[in-house]
K.L.:
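Sharing a structure here in structure tokens format.
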Amino acid sequence: MLSAPAQKTDTRLGRIVRLLMDHATVVVSGTKIADEIGTGRSEVWRLIQQLRSLGVDVAGHPASGYQLRTVPDLLLADLLAPLVKSTVFQHIHHYYKIGSTNSTAMEAAAEGAPEGSVYLAEEQTAGRGRGAHDWHSARSAGVYCSVVLRPILPPSDALVLSLAAGLAVRAAVRELDSRLNPDLKWPNDLLLDGKKFCGILTEMNAEATRVRYLVIGVGINVNHAKFPDDLRDLATSLRLISSSEWSRVELTAALLKSLHREYTDLVGKPGAHESILRRFAEHSSYARGRKVHIEENGAFEGVTEGLDPRGFLQVRTERGSRTVLSGTIRAI
Ligand code: BTN
């Protein structure tokens, strides 16, 4: 099936928002904005209308000039870039609508997108999860983010990097609200109050001995107030848990910074691999001593026994110990 073309955000929108934020207390004339972004006043008016359609609250009109009424929470490159200056994430792309940020990131990586390219969307029309699952991607409610990495690592380390991404999400959430204590469910779910608020989909292109490129896609339910019927009992959002609205810009910046730390440690610091496995198990109620049902080429049940040195989950069953390679786990 052909998907609708991705709708990339005009980078001039971010520059206008930045300019208005830098002059938050005054009305900025259309002429000044036009000069700054190298266009005419009527084009500025058109761009302001576009910002309004994205939910940015801008007061004013061409004759009076423009002023932001509230700080917008759009994941625009111009808003994020200053917050993640010291990281590998230096190529930020924003879409107001996309099929899947992971698909776009994989295609871009195949065409040579540099390490540290980030693909963010306000809305996904074909968000993908592990297996054949969809990822519910309501407009401007969540963080839908995929990053391209080109680690000098064997493909067998991709799982550990993916587990590290879970730790990075956990750290980012706690940086914004230290009262929350997300539970990691192997391999890539994050739960609060037993319900999922984040999923991670790591995909790669590799030779037998080396990764060519890898895409880590993170979906976080941030400000969702409700979910479709089929997800209601399984999913939650940071807003539902904390009873307050979250800044997606701050959360994404915190995520990229903690992902940068985990990633640079893993590729460059002795002992980082072991540290990731240890910390994952520490923050996962599923890693050890949990009775689980596993769906993997048929189903089986057992009690979890920790992660093996490669990051795979070990489960003790009636017929001996088994290694879970890619299954879906459910507590029983
Ligand atoms: C899962 O829980 O199975 C993984 C969900 C991953 C969803 C994210 S949203 C951003 C990125 N783009 C996608 O299509 N999927 C990932």
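One is the number of the first residue; the rest follow in order along the sequence. Numbering of ligands and ligand atoms starts at 1, following listing order.
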K.L.:
Does Arg212 CZ have over 12 foreign heavy atoms under 6.0 Å away?
P.N.:
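Yes, enclosed.
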
K.L.:
If we count only N and O atoms by modelled type, under 3.5 Å, do the side chains of Glu122 and Ser140 hold a donor and an acceptor together?
P.N.:
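The answer is yes; a qualifying pair exists.
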
K.L.:
Would you verify whether the NZ or CZ of Arg290 falls within 45 degrees of the ring axis of Tyr286 while also being under 6.0 Å from that six-membered ring's centre?
P.N.:
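Judged by the rule, Arg290 and Tyr286 form a cation-pi pair.
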
K.L.:
Please tell me whether Arg128 and Ser103 have a donor and an acceptor in their side chains that are separated by less than 3.5 angstrom.
P.N.:
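Yes.
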
K.L.:
Could you give the N/O to N/O pairs under 3.5 Å linking ligand 1 and the protein, each with its distance?
P.N.:
unit_1	atom_1	unit_2	atom_2	d
ligand 1	2 (O)	Lys196	NZ	2.5
ligand 1	3 (O)	Arg130	N	2.6
ligand 1	12 (N)	Thr101	OG1	3.0
ligand 1	12 (N)	Asn102	N	3.4
ligand 1	12 (N)	Gln124	OE1	3.0
ligand 1	14 (O)	Ser100	OG	2.7
ligand 1	14 (O)	Arg128	N	2.7
ligand 1	15 (N)	Arg128	O	2.7

K.L.:
Does one side chain, of Arg52 or Gln49, offer a donor that lies under 3.5 Å from an acceptor on the other?
P.N.:
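Side chains of Arg52 and Gln49: pair found under 3.5 Å.
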
K.L.:
Let me see the working for Arg279 and Glu282 under salt bridge (Lys or Arg N to Asp or Glu O under 4.0 Å), right down to the final yes or no.
P.N.:
CA-CA 5 Å; Arg279 286 180 292 129; Glu282 216 168 273; over 6 Å; no

